[in-house]
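Throughout, residue positions are numbered sequentially from 1 according to the sequence presented. Because the structure is predicted, anything quoted here is derived from the model rather than measured.
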Amino acid sequence: MEEKNKVLQVTEKVLNPLPGFLGLFICIVLIVAGGLGLFSAILFPVAVIPAAIVLILGILLLFGLKIVNPNEALVLTLFGKYHGTINKAGFFFVNPFCVAYNPGMERVVSHDATGNVTTKMIGSKKISTKISTLNNGVQKVNDVLGNPIVIGAVVIWKVVNPTSAAFAVENYKEFLSIQCDSTIRNIARLYPYDDMDDSNGIEEKTLRGSSQEIADGMREELQNRVKEAGLEIMEVRITHLSYSEEIAAAMLQRQQAVAVIAARQKIVEGAVSMVEMAINQLGEKEVVCLDDERKAQMVSNLLVVLCGNKEAQPIVNSGTIY
């Protein structure tokens with residue numbers, strides 16, 4: 001187990017290779033010298049072997065010329081061992097036997113007419129350190145109350161340690177995608193979708209109401225998961241959040257019921273204050289003197305009028321009220 005961990009923990013070694021134009025000049029000189037040697041072998045046959053060796057060496061050294069673009073890194077291996085990493089942009093000359101290694105290349109499997117399976121790696125052998133976006137779509141999870149919800153998030157990330165990204169995991173892009181789904185699922189199960197019971201007056205974090213705080217928690221947990229792979233999580237944003245189809249209609253009715261109750265509560269509070277104000281002003285200005293029975297009847301009538309769903313139809317009494 002210790003030997004396996006040593007293989008995974010590769011210390012980054014930054015290379016300072018020769019300038020590419022110097023290596024190109026050496027290659028051209030060797031190729032020209034070898035060509036002239038082969039041409040002179042007509043007169044001096046003994047020079048054929050040295051000239052051929054020089055020509056082959058010049059051609060072989062051409063494979064050591066590497067171009068690294070801005071925001072890219074080149075991880076090199078030499079005969080199966082880690083050789084070094086080039087993090088700066090430019091034109092360089094390295095050991096021609098070095099091979100660039102990028103596990104994030106896409107693997108395409110094709111089938112020919114005879115049924116043979118062919119696997120090809122598509123993409124650049126350089127590891128990009130640019131800011132990238134990951135969107136795995138949406139997934140169905142259960143919130144803390146057990147309600148099935150559909151949630152999706154987008155992740156802004158970049159590679160900060162190309163060596164760890166190349167050797168710490170099998171494929172750092174697939175690793176990030178799997179860890180992203182796992183993090184979203186774990187965080188979503190800790191909070192309710194919405195706070196349906198706010199009668200206690202305590203503000204509780206919800207997926208709908210505290211999306212920014214929950215997204216920050218997702219970013220911290222995801223960063224801890226992918227830190228060993230040399231990745232930096234810059235931002236996590238919740239892009240989709242809804243109830244699952246099987247309970248969406250029921251939850252909509254529940255939300256509507258809560259809204260109706262809240263509206264009725266406001267109407268009753270306003271109606272009671274209006275009735276109280278009317279009775280007090282009638283008594284203070286001595287417009288009319290009402291006994292307790294008449295006040296109760298008046299309160300009942302006013303509450304029916306103010307709290308009713310439909311417009312009240314007044315009835316005019318032309319006789320005495322007693």
Side-chain angles (χ1 to χ4, degrees), residues 3-4 6-110 112 114 116-130 159-173 230:
E3 183 66 24
K4 182 178 180 180
K6 290 181 180 179
V7 174
L8 293 176
Q9 297 175 356
V10 178
T11 303
E12 185 176 29
K13 181 174 65 175
V14 179
L15 294 179
N16 292 314
L18 295 175
F21 291 102
L22 177 60
L24 180 62
F25 176 76
I26 295 175
C27 294
I28 293 175
V29 170
L30 293 176
I31 293 174
V32 172
L36 293 177
L38 291 177
F39 182 76
S40 63
I42 300 175
L43 301 177
F44 304 96
V46 70
V48 173
I49 296 179
I53 293 176
V54 171
L55 180 61
I56 294 174
L57 180 61
I59 296 175
L60 180 63
L61 292 179
L62 288 176
F63 292 95
L65 299 175
K66 305 293 182 181
I67 298 176
V68 181
N69 298 320
N71 294 324
E72 287 184 349
L74 193 64
V75 178
L76 300 174
T77 59
L78 181 62
F79 301 122
K81 295 183 178 180
Y82 172 62
H83 180 67
T85 302
I86 302 176
N87 290 322
K88 55 185 178 181
F91 183 40
F92 305 102
F93 176 76
V94 297
N95 191 324
F97 294 100
C98 288
V99 178
Y101 180 69
N102 180 13
M105 297 175 61
E106 296 183 4
R107 181 177 300 175
V108 178
V109 180
S110 59
D112 55 12
T114 60
N116 296 327
V117 180
T118 304
T119 303
K120 296 182 180 180
M121 303 300 293
I122 299 178
S124 175
K125 291 185 177 181
K126 304 164 189 173
I127 297 179
S128 175
T129 58
K130 302 176 183 177
V159 177
V160 293
N161 191 330
T163 304
S164 297
F167 298 109
V169 293
E170 180 70 21
N171 188 317
Y172 62 92
K173 292 183 179 180

Q) If you measure from CD1 on I28 to CG on L24, what distance do you get to the nearest 0.5 Å? A) 4.0 Å
Q: For atom CG of L22, decide whether the heavy atoms of other residues, nucleotides or ligands shown that lie under 6.0 angstrom number more than 12.
A: yes
Q) Quick one: CG on L55 to CG on L57, what's the gap to the nearest 0.5 Å? A) 9.5 Å
Q: Please answer whether the main-chain N or O of T129 pairs with a side-chain N or O of N71 as donor and acceptor at a distance below 3.5 Å.
A: no
(Q) Can you confirm whether I31 sits close enough to L62 that some side-chain heavy atom of one is under 4.5 Å from a side-chain heavy atom of the other? (A) yes
(Q) Using every non-hydrogen atom in the two residues, find where A100 and K125 come nearest and quote the distance to one decimal. (A) CB-CB, 3.8 Å
Q. Under 6.0 Å from the CG atom of L18, do we count more than 12 heavy atoms belonging to anything else shown?
A. yes
Q | Side chain proximity check, T77 to H83, heavy atoms < 4.5 angstrom | A | no
Q: Apply side-chain contact (heavy atoms from CB on, under 4.5 Å) to L61 and L30, showing your working.
A: CA-CA 9 Å; L61 292 179; L30 293 176; 3.6 Å; yes
Q: Quick one: closest heavy-atom pair of L65 and G20, and the distance?
A: CD2-O, 3.5 Å
Q. What pair of heavy atoms forms the shortest contact from V75 to A166, and how long is it?
A. CG1-CB, 4.2 Å
Q: Kindly give the heavy-atom pair with the smallest separation between V159 and A165, and that separation in Å.
A: CG1-CB, 4.0 Å
Q: Among residues two or more places apart or on two chains, list those pairs meeting side chain to side chain donor-acceptor pair (under 3.5 Å) that have a residue in residues 49-70.
A: N69-E72
Could you go through residues 85-99 and list every donor-acceptor pair under 3.5 Å that involves a side-chain atom there, pairing it with any protein atom two or more places apart or in another chain?
{"unit_1": "T85", "atom_1": "OG1", "unit_2": "Y82", "atom_2": "OH", "d": "2.7"}
{"unit_1": "T85", "atom_1": "OG1", "unit_2": "T163", "atom_2": "OG1", "d": "2.9"}
{"unit_1": "N87", "atom_1": "ND2", "unit_2": "E12", "atom_2": "OE2", "d": "3.4"}
{"unit_1": "N95", "atom_1": "OD1", "unit_2": "F97", "atom_2": "N", "d": "3.0"}

